[in-house]
Amino acid sequence: MPVSRADAAGGTGSAADFLPPRLSYPALRKAAAGCRGCHLWRVGTQTVFGEGARKATLMLVGEQPGDKEDLAGHPFVGPSGALLDSALERAGIDRASTYVTNAVKHFKWVPDGTGKRRIHKSPNASEIRACHPWLDAELDAVRPRVVVALGATAARALFGPAVRVLAQRGRVLPTELAAAGFVTVHPSAVLRTPSGEHAAAERAFVNDLKKVARYLGKS
Ligand code: URA
Ligand code: SF4
């Protein structure tokens, strides 16, 4: 493993340093568990790799594991996951037929001051870049027909810095990663929406997923 200056901060600078020689899915998952590509391996409890159908036609990408996911070791199993599950169901998509992952595989958090709660902190550009080889390898292994970014972090990780979630949500985005790409909001953004606007925000999220379902049905 190359030793760089970044090691002093707790990571080599890229997950590429931990890719297995053969990029089979089981080998990837195993290697990701030992990743020290950035300092976040010290911050989160464990690597939360993607999960789901191995040849899923639809891949959903979130930002990073949250508190519950960090402890469970599985993506989208906390409150955001519950909202995602119900939105997928309302859109007519079976989560079991999808592959669900995150742009960053470790939970980044800060203490809340009382030591009782861990507060989510968004990953920065260098952490997202460092973790990208895992996302690329998942795309190569699963080869989904459609890839959906949930929120701005995933959208930038998949489609580049120019993507605009609110302007481009629910529309087909041309991409080399799959036959089509889509962006929509992150389920946690729906959860944070004030109660008066919550139902509308959830409906809009479901509508975006319905467009994905319609695309999958046609193609
Ligand atoms: N938020 C995410 O982006 N991913 C998860 O897995 C959970 C919450
Ligand atoms: Fe590796 Fe990604 Fe975890 Fe950083 S966040 S240590 S790059 S798996």
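Atoms within a ligand are numbered from 1 in the order they appear, just like the ligands themselves. All values below were derived from every heavy atom in this structure, side-chain atoms included, with hydrogens, water molecules and symmetry-related copies excluded. Counting from 1, the numbers follow the sequence of the chain as shown.
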### Task
If you have a sec, work out which protein heavy atom is nearest atom 3 (Fe) of ligand 2 and how many Å separate them, to one decimal?
His106 ND1, 2.2 Å
### Query
Are any of the N or O atoms of Ser80 closer than 3.5 Å to those of ligand 1?
no
### N, O or S of Cys38 under 2.8 Å from atom 1 (Fe) of ligand 2
no
#### Entry: Contact partition for Phe18 relative to ligand 2, non-hydrogen atoms under 4.0 Å
neither
### Task
May I ask whether Val185 and Leu58 are part of the same hydrophobic cluster, defined by side-chain heavy atoms of I, L, V, M, F, W, Y residues being less than 4.5 angstrom apart, directly or through others?
yes
### Query
If you count the atoms of ligand 1 from 1 in the order shown, which ones are under 4.0 Å from a heavy atom of His186?
1 (N), 2 (C), 3 (O)
### Query
Which atoms from ligand 2 have a heavy atom of Trp41 less than 4.0 Å away?
6 (S)
### Query
Is there a heavy atom in Ala32 that sits closer than 4.0 Å to ligand 2?
no
### Query
At what distance is the nearest protein heavy atom to atom 2 (Fe) of ligand 2, and which residue and atom is it?
Cys131 SG, 2.3 Å
### Query
Do Val163 and Leu135 share a hydrophobic cluster (ILVMFWY, side-chain heavy atoms under 4.5 Å, transitive)?
yes
### Task
Indicate, with yes or no, if Trp134 and Val147 share a hydrophobic cluster defined by side-chain heavy-atom contacts under 4.5 Å among Ile, Leu, Val, Met, Phe, Trp and Tyr.
yes
#### Entry: Distance filter under 4.0 Å to Val104 heavy atoms, resulting ligand 2 atoms
5 (S)
#### Entry: Residue, atom name and distance, where the atom is the protein heavy atom closest to atom 1 (Fe) of ligand 2
Cys35 SG, 2.3 Å
### Query
Centroid-to-centroid, Phe205 to His198, below 6.0 Å?
no
### Task
Give the numbers and elements of all ligand 1 atoms closer than 4.0 Å to a heavy atom of Gly62.
3 (O)
### Message
So for ligand 1, is Phe76 a polar contact partner (N or O within less than 3.5 Å, distance only)?
### Response
yes
### Query
Among the heavy atoms of His74, does any lie under 4.0 Å from an atom of ligand 1?
no
## Note on the structure
OG1 of Thr184 to CZ of Arg169, rounded to nearest 0.5 Å, is 4.5 Å
### Task
Please check if atom CZ in Arg29 has more than 12 non-hydrogen atoms from other residues, nucleotides or ligands closer than 6.0 Å.
yes
### Query
Does atom CZ of Arg54 have more than 12 heavy-atom neighbours from other groups under 6.0 Å away?
yes
### Message
Counting only heavy atoms closer than 4.0 Å, does ligand 1 sit against the backbone of Glu63, its side chain, both, or neither?
### Response
both
### Query
Which atoms of ligand 1 sit under 4.0 Å from any heavy atom of Gly66?
7 (C)
### For atom 4 (N) of ligand 1, the protein heavy atom that lies nearest, with its residue and separation
Asn102 OD1, 2.7 Å
### Message
Between Arg95 and Glu89, does any NZ, NE, NH1 or NH2 come within less than 4.0 Å of an OD or OE carboxylate oxygen?
### Response
no
### Query
Under 30°, 30 to 60°, or over 60°: which ring-plane class applies to Phe182 and Tyr215, parallel, tilted or perpendicular?
perpendicular
### Message
So if I count the atoms of ligand 2 from 1 in the order they appear, which ones are less than 4.0 Å from some heavy atom of Ala130?
### Response
7 (S)
### Message
Do Val48 and Ile119 land in one hydrophobic cluster if side-chain heavy atoms of ILVMFWY residues count as linked below 4.5 Å?
### Response
no
### Message
Counting only heavy atoms from other residues, nucleotides and ligands, does the tally under 6.0 Å from NZ of Lys55 exceed 12?
### Response
yes
### Query
Which protein non-hydrogen atom lies closest to atom 2 (C) of ligand 1, naming both residue and atom, and how far is it?
Gln64 O, 2.9 Å
